[in-house]
Each structure stands twice: as structure tokens, then as C-alpha cells.
Amino acid sequence: MLPKIITAIIAILFFIILGKLFYRFIGKRIQLKWKDSIISNFTAEATKWFFYIFGLIVALNIVGFGGIASSLIAGAGISAIIFGFAFKDIGENFLAGIILALKRPFEIGDIIEVDGYKGNVKDLDLRITHLRNVEGKDIYIPNSSIIKNTLINYTKDGNLRMSFMIGIAPENDITQTRSLIIEYLKQNKQILKTPMPNIVVQELGEFTTDLQVLFWVDILSNKKLPDSYLGHNIRSKVISDIKEILDKNNIEMPSQVIEHKMYRDYKFQVKKDE
């Protein structure tokens, strides 16, 4: 039996080395070709274990334990069912990770929101998706949750609509105010010309006329800024500039006027301090 055992050990070592070589070299080629670390890692890992298992089966046949090898192959199906029930959640996340890698609803670096969790995608493996929010908190979301819930991708093409409300006093001219704001938005180079910016009158109140300012920005145009800012710097600058423009043109902000009515005959006396 000694020659067979030595041959079996050599066979196992051969397939282990072959599997590792495939994992290191061919796996990298797959990653360069597909440009997707998730798919390439999964394919290389699965193929490596295929070599390991195949080498074990060959070794058992060399030693003369072909029956055991056949039993292992036959029992693999039953074991898969048992482990499938025992590790249902892990298997579910595993399959969800493969679906995400194939469908590609987001890329590494995109800003997404899932089930109320919003952040920058740092990593995606076959079980979890790693996000980091603007507060620096690391969030690990099971892949199955991403498949089951609504996914919002803020940076798919880089274009994002910004908006804010501005109130003016009722006595101010709405047309003039709209023209001043639109003219500024058209001249701002950070604001997209298509779709065109717009001003919508939202409410006519007792003390204020509310206008909604709408405009589009390309948050990926400035590569020096992190994606996570989502155009907030531009929005803040636009609000400040519009406030300055309205002040220069005597467009006043609303102020609440409170009227007090006296229903009883009271007399008030105002005395001056000596």
C-alpha cells in the first residue's frame, strides 16, 4: 500500500498546487478582463476548491477507496440540503451577492441608500455590502436586504437635482424675483443648462410667498471633491449668492406681523422717565 499512498499524496499535492496557481494567475486575468473583483474572486475560489476536491477523489481511487469517493459524491447532495437549511441566511446572502455582482445596480464608490441606510459603497463581497456614511460610520448591510428592499443610487450618472425653498414678502414682485434668480442660475458654471433650472411658486401665505428653486448639478465633475458631499457645497453657495442678490435689489424676506386687538375698555398710560 505504501507506493499507492505515496502516489495518492503526490496527486493531492499536485492538484492543490494547480488550484493555487489557477487562483493566483488565472483569477487575476479574469479580474482584468471583467473588471469586477466580485465575479473574478468567486470564480477563482470556486475553481480552486474544484481542484482540491477532484484531487481528493483521485487520491482515494489510487489507494483503492473508490467506493468511499463515490459515497462522498453521492452524499454531497444530501449534505448540501442539510447545510442549506442550517445556513439559510448565509446562503441567501451568498446568492444575493452573486446577483448584485451580475446586475451591477451600483459600483464601488457610488452613494446608495437602502432601507434608510445611506453611504458610500466601500466594498462588496458575496455576503455583505460595506457602506460608510457622512458621519464616518461603517455600515454592513446583508446582500439579501439590498435585493429585497428599494435601492436608491445617487451617483449612477453623476447628475443630481438640488432644491431649496425661499420666502419673500407678499408685496415683492414675483416675476422680478424669478428673473433675478433664473439669471443667476444660468450664469453659474456649476449648474447644468440641461435640464434647465426652474422657479416654482409653492405657496401664497399671509406673511410670505414661498418659491422653490430647482436646478441640476453634476456631482462628479469636480474630481477633487469626494462623492459623499452630494453637491451640498454648490447648494450652500447658491443659497448665499441668491440671498445677496435679493438684498441688493430690495427683495425683502418675509416678516410676521402680529396684530393685537383689545376688546375691553382699558386705558394705558405711557410715562417718560425723568
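- With rounding to the nearest 0.5 angstrom, the CG atom of Asp115 is 4.5 Å from the CG atom of Asn149.
- Under the 4.5 Å side-chain criterion, counting only non-hydrogen atoms from C-beta, Ile181 is in contact with Val213.
- Partners of Ile17 under the side-chain contact (heavy atoms from CB on, under 4.5 Å) rule, at least two apart in sequence or in another chain, are Leu21.
- Judged as a side-chain contact (heavy atoms from CB on, under 4.5 Å), and not counting sequence neighbours, the contacts of Pro142 are Asn93, Ser144, Ser145.
- Looking at residues two or more places apart in sequence or on another chain, you find no salt bridge (Lys or Arg N to Asp or Glu O under 4.0 Å) involving Lys122.
- The line from CG of Leu185 to CZ of Arg178 is 10.5 Å long, rounded to the nearest 0.5 Å.
- Partners of Ile147 by side-chain contact (heavy atoms from CB on, under 4.5 Å), not counting sequence neighbours, listed by chain and number: Ala96, Ile99, Leu100.
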May I have the list of side-chain donor-acceptor pairs in residues 159-173 shorter than 3.5 Å, sequence neighbours left out?
residue	atom	partner	partner atom	Å
Asn172	ND2	Glu252	O	2.9
Asp173	OD2	Thr175	N	3.1
Asp173	OD2	Gln176	N	2.7

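- Separation of atoms CG (Leu18) and CZ (Phe54) is listed at 10.5 Å; rounding is to 0.5 Å.
- The salt bridge (Lys or Arg N to Asp or Glu O under 4.0 Å) test applied to Asp247 returns Lys243, not counting sequence neighbours.
- In this structure, Lys20 fails the cation-pi test against Phe15, since its NZ or CZ atom is not both closer than 6.0 Å to the six-membered ring centre and inside 45 degrees of the ring normal.
- Cluster note: Leu192 groups with Trp216 through ILVMFWY side-chain heavy atoms spaced under 4.5 Å, whether in direct contact or through intervening members.
- Looking only at side-chain heavy atoms (C-beta outward), Asp110 and Tyr154 stay at 4.5 Å or farther from each other.
- Residue Leu214 is not grouped with residue Ile199 when hydrophobic side chains (ILVMFWY) are merged at heavy-atom distances under 4.5 angstrom, including chains of intermediate members.
- The two residues Phe215 and Pro197 come nearest to each other via the heavy atoms CB-CB, 4.0 Å.
- Between atom CD of residue Gln190 and atom NZ of residue Lys237 there is a gap of 8.0 Å, rounded to the nearest 0.5 Å.
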Do Ile174 and Thr209 pass the side chain to side chain contact (heavy atoms under 4.5 Å, CB included) test, and can you show the C-alpha distance, the side-chain angles, and the key distance before you say yes or no?
CA-CA 8 Å; Ile174 297 177; Thr209 299; 3.9 Å; yes
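- Here Lys189 pairs with nothing under the salt bridge (Lys or Arg N to Asp or Glu O under 4.0 Å) rule; sequence neighbours left out.
- Residues passing the side chain to side chain donor-acceptor pair (under 3.5 Å) test with Gln202 are Gln212, sequence neighbours excluded.
- Transitive grouping of hydrophobic side chains (ILVMFWY, heavy atoms separated by less than 4.5 Å) keeps Ile242 and Val200 in distinct clusters.
- Val121 and Ile128 are not part of a single hydrophobic cluster, where members link through side-chain heavy atoms under 4.5 Å apart.
- Tyr140 meets the ring pair (Phe, Tyr, Trp, His ring centres under 6.0 Å) test with His130; sequence neighbours excluded.
- Annotation: side chain of Ile139 is in contact with side chain of Ile141 (closest heavy-atom distance under 4.5 Å).
- Not counting sequence neighbours, the partners of Lys248 by the salt bridge (Lys or Arg N to Asp or Glu O under 4.0 Å) test are Glu244.
- For the pair Thr208 (side chain) and Leu204 (backbone), a donor-acceptor distance under 3.5 Å is absent.
- Atom CD1 of Ile152 is separated from atom NZ of Lys118 by 8.5 Å, given to the nearest 0.5 angstrom.
- Of the possible polar contacts, one joining the Asn120 side chain to the Gly109 backbone as a donor-acceptor pair under 3.5 Å is found.
- Contact check for Ile191 versus Val238: side-chain heavy atoms found under the 4.5 Å cut-off.
- Residues meeting the side-chain contact (heavy atoms from CB on, under 4.5 Å) test with Ile245, sequence neighbours left out: Leu180, Tyr184, Asn249.
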Phe51 vs Ile16, side chain to side chain contact (heavy atoms under 4.5 Å, CB included): CA-CA, chis, key distance, verdict:
CA-CA 7 Å; Phe51 279 108; Ile16 289 176; over 6 Å; no
Hey, mind stepping through Leu246 and Met253 against side chain to side chain contact (heavy atoms under 4.5 Å, CB included) and telling me if it holds?
CA-CA 9 Å; Leu246 296 182; Met253 299 291 104; 3.8 Å; yes
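- Rounding to the nearest 0.5 angstrom, the gap separating the OG1 atom in Thr129 from the CD1 atom in Ile146 is 3.0 Å.
- Minimum interatomic distance between Leu124 and Ile108 (heavy atoms only, all atoms of both residues): N-CD1, 3.9 Å.
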